[in-house]
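Here is the structure we will look at.
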Amino acid sequence: MSPASTGASTTVDATAPVPVADTPDSDSRMTPGGPGYRRMSFALFLAGVATFALLYSTQALLPLISGEFGVEASEASWTVAAATGGLALFVLPMSALSERFGRRTVMTASLAVAVSVGMLVPFAPSLGVLVVLRAVQGAALAGLPASATAYLAEEVRPKALVTAIGLFVAGNSVGGMSGRVITGWVAQEWGWRVSVGVIGAIAVGCAVAFRLLLPAPRHFTAGSLRPRVLLGTVRTHLADPLLRRLYAIGALFMTVFGGVYTVIGYRLTEAPFGLPQGIIGSIFLVYLVGTVSASTAGRLVGRLGRRGALYLAGGTTAAGLLLSLAPSLPLVLLGLVLITAGFFAGHAVASSAVSKTATHGRAQAAALYQSVYYIGSSVGSTVGSMAFHADGWGGTVGVGLLAVVGVVTITVAGSRAARVAARREPVAAH
């Protein structure tokens with residue numbers, strides 16, 4: 001068995017390009033319908049389910065948490081912001097570990113720690129302890145997103161990469177949806193503590209199945225853990241204007257999503273809706289729309305191009321935000337459908353573009369994206385909650401619309417930069 005197949009090859013510089021075959025006929029990476037592709041897709045789908053179910057396990061329960069601990073939405077929202085913030089802070093160090101010890105090893109260890117902490121969350125005696133446990137859980141989950149996209153970039157052929165990452169993102173949407181729906185109905189009968197315990201148990205099952213199904217990496221080359229090498233790779237990625245734009249786009253999309261779904265439970269418990277906790281949890285079934293939009297992002301890019309797909313995703317999100325202002329439950333639901341579809345499509349397009357743009361240090365490139373992405377989630381949940389406290393749902397929508405304007409502005413700047421580069425190429429050729 002070769003070193004590469006065991007994930008224990010000779011250490012090389014992390015900035016070295018990942019070796020791949022030159023011709024399609026000799027390319028041994030996975031492709032749809034090929035050996036191992038379905039197992040790999042299902043394994044990473046389950047990893048995505050576990051990640052988002054755990055990461056946002058308290059989001060649909062915030063009104064109940066506020067009631068038990070006697071705090072406002074802005075304080076209870078820290079149970080979400082702490083988890084996403086912990087992930088954002090640790091995703092880069094975890095990506096460095098995945099460069100040295102292998103994607104599958106790091107993802108397995110991350111899930112093991114996260115589900116273990118998840119079983120402690122229901123016993124938190126105070127809001128402060130709950131927030132700390134959630135921060136640790138988020139830090140543990142940091143090993144999943146960047147390692148997963150780097151694994152796909154190395155093990156899947158480029159033409160299938162957007163679709164493969166879209167399936168992983170679809171797993172995120174299913175995890176986010178099922179976690180919120182299950183917690184809503186369980187909490188209505190037995191309280192929020194039992195509901196997060198149930199999510200922890202489901203995540204344990206997903207983690208075990210993930211480890212049993214994920215094929216061993218065949219194209220991984222171990223890198224260095226030297227801080228100088230890591231920082232050099234990070235500086236290279238941050239110096240790339242395209243990567244910087246993609247990072248900002250991911251963060252802004254997640255700012256919208258984090259704000260909307262952190263606050264929506266509070267809005268729906270108030271007049272004129274007054275919905276019970278179980279029904280509010282079921283609202284998150286609209287995540288199924290995200291599953292579809294993420295998994296079809298590859299076809300969307302094929303028809304409209306990357307920037308065209310981002311314009312469409314941003315416009316869809318903005319339309320949903322405006323619709324959600326209506327005092328009508330059907331219109332609010334339609335607004336959530338559009339927001340969810342736009343967000344997941346935009347996220348799948350931006351994250352897959354990062355993996356295709358980075359020709360070396362893919363784990364670090366993906367980690368930087370995930371870091372700012374989850375910073376966007378923390379900012380969205382915190383600022384969105386503060387805006388809701390100050391100005392109601394309209395304040396939260398205002399924060400989201402500003403973020404969408406940012407996405408469109410950055411995409412326009414990217415289009416202009418591409419046109420300038422295209423005009424310069426013929427001159428350089430002469």
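L246 is listed as a side-chain neighbour of T357, based on a closest heavy-atom distance under 4.5 Å. Between L401 and V405, the closest side-chain pair of non-hydrogen atoms is not below 4.5 Å. In this structure the side chain of T396 never reaches within 4.5 angstrom of the side chain of H389, judged on heavy atoms. Using a 4.5 Å cut-off on side-chain heavy atoms (C-beta onward), L252 and I410 make contact. Between V131 and L127 there is a side-chain heavy-atom pair separated by less than 4.5 Å.
Between T183 and L61, the closest heavy-atom pair is O-CD2, 3.6 Å. Nearest heavy-atom pair, M40 versus V156, reported as atom, atom and distance to 0.1 Å: CE-CG2, 3.7 Å. The shortest non-hydrogen separation linking H237 to L368 is CB-CD1, 3.8 Å. Closest approach of Y56 and M254 over heavy atoms only: OH-CE, 2.8 Å. A50 and L111 make their closest contact through CB-CD2, 3.9 Å (heavy atoms, listed as atom of the first residue, atom of the second, distance). Residues M94 and V106 share a closest heavy-atom pair of O-CG1, 4.0 Å.
At distances below 3.5 Å, not a single donor-acceptor pair connects side-chain atoms of R306 with backbone N or O atoms of V301. Remark: side-chain polar atoms of R134 are paired, donor with acceptor, to backbone N or O of T79 under 3.5 angstrom. Not a single donor-acceptor pair under 3.5 Å links the side chain of R211 to the backbone N or O of T108. With hydrogens and angles disregarded, a donor-acceptor distance shorter than 3.5 Å links the side chain of S110 to the backbone of A140. Remark: the backbone N or O of A81 is paired with a side-chain donor or acceptor of T84 at under 3.5 angstrom. Looking at S352, its side chain does come within 3.5 Å of a backbone N or O of V349 through a donor-acceptor pair. Under the 3.5 Å distance criterion, the side-chain polar atoms of S378 are matched with a main-chain donor or acceptor of Y374. Side-chain atoms of T262 never come within 3.5 Å of backbone atoms of G259 as a donor-acceptor pair (strictly under, hydrogens ignored). Between the Q137 side chain and the A114 main chain, a donor and an acceptor come within less than 3.5 Å of each other. Counting only distance, with no hydrogens or angles, the side chain of S293 and the backbone of A341 share a donor-acceptor pair below 3.5 Å.
Atom CG of residue L46 and atom CD1 of residue I202 lie 12.0 Å apart, to the nearest 0.5 angstrom. Atom CG of L312 sits about 9.0 Å away from atom OG1 of T317, to the nearest 0.5 Å. For the atom pair M386 CE and S381 OG, the distance stands at 11.5 Å (nearest 0.5 Å). Between atom OG1 of residue T236 and atom CG of residue L231 there is a gap of 10.5 Å, rounded to the nearest 0.5 Å. Interatomic distance, L44 CG to M107 CE, rounded to the nearest 0.5 Å: 5.5 Å. Taken from OG in S371 to CD1 in I375, the straight-line distance is 4.0 Å, to the nearest 0.5 Å.
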Open item on the list: Using the rule given for side-chain contact (heavy atoms from CB on, under 4.5 Å), can you reason through L310 versus V408, listing the C-alpha separation, both sets of side-chain angles and the distance that settles it, and then say yes or no?
Closed with: CA-CA 8 Å; L310 289 173; V408 173; over 6 Å; no
TODO: May I have the step-by-step check of side chain to side chain donor-acceptor pair (under 3.5 Å) for Y266 and S385, ending in yes or no?
DONE: CA-CA 10 Å; Y266 289 96; S385 298; over 6 Å; no
Open item on the list: Would Y369 and H347 count as a ring pair (Phe, Tyr, Trp, His ring centres under 6.0 Å) here? Give the steps.
Closed with: CA-CA 10 Å; Y369 176 85; H347 170 41; 5.8 Å; yes
- [ ] May I have the step-by-step check of side-chain contact (heavy atoms from CB on, under 4.5 Å) for R245 and L242, ending in yes or no?
- [x] CA-CA 5 Å; R245 289 193 293 269; L242 175 55; 4.0 Å; yes
- [ ] Given side-chain contact (heavy atoms from CB on, under 4.5 Å), test Y247 with L238 step by step and report yes or no.
- [x] CA-CA 9 Å; Y247 295 153; L238 291 177; 4.2 Å; yes
Open item on the list: Show, in sequence, the C-alpha distance, side-chain angles and deciding distance for S195 and W190, and conclude whether the side chain to side chain donor-acceptor pair (under 3.5 Å) test is met.
Closed with: CA-CA 7 Å; S195 66; W190 295 288; over 6 Å; no
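For an aromatic pair to be called close, the ring centres must be under 6.0 Å apart, and F344 with F257 satisfies this.
Screening V136, I199, L130 for a side chain to side chain contact (heavy atoms under 4.5 Å, CB included) with V121, the sole residue that qualifies is L130.
A salt bridge between E155 and R103 is absent, with no side-chain N of the basic residue lying under 4.0 Å from a carboxylate O of the acidic one.
The environment of CZ in F388 is crowded: more than 12 heavy-atom neighbours from other residues, nucleotides or ligands sit within 6.0 Å. Counting non-hydrogen atoms of neighbouring residues, nucleotides and ligands closer than 6.0 angstrom, the OH atom of Y311 exceeds 12 such neighbours. With a 6.0 Å radius and a threshold of 12 heavy atoms from other residues, nucleotides or ligands, W192 has its CH2 atom above the threshold.
Between S98 and Y151, the side chains place no donor N or O within less than 3.5 Å of an acceptor N or O (distance only, hydrogens not considered). Side-chain contact, T340 with Y261: a donor N or O sits under 3.5 Å from an acceptor N or O. In summary, the side chains of R307 and T411 do not present any donor paired with an acceptor at a separation below 3.5 Å, with no hydrogens or angles considered.
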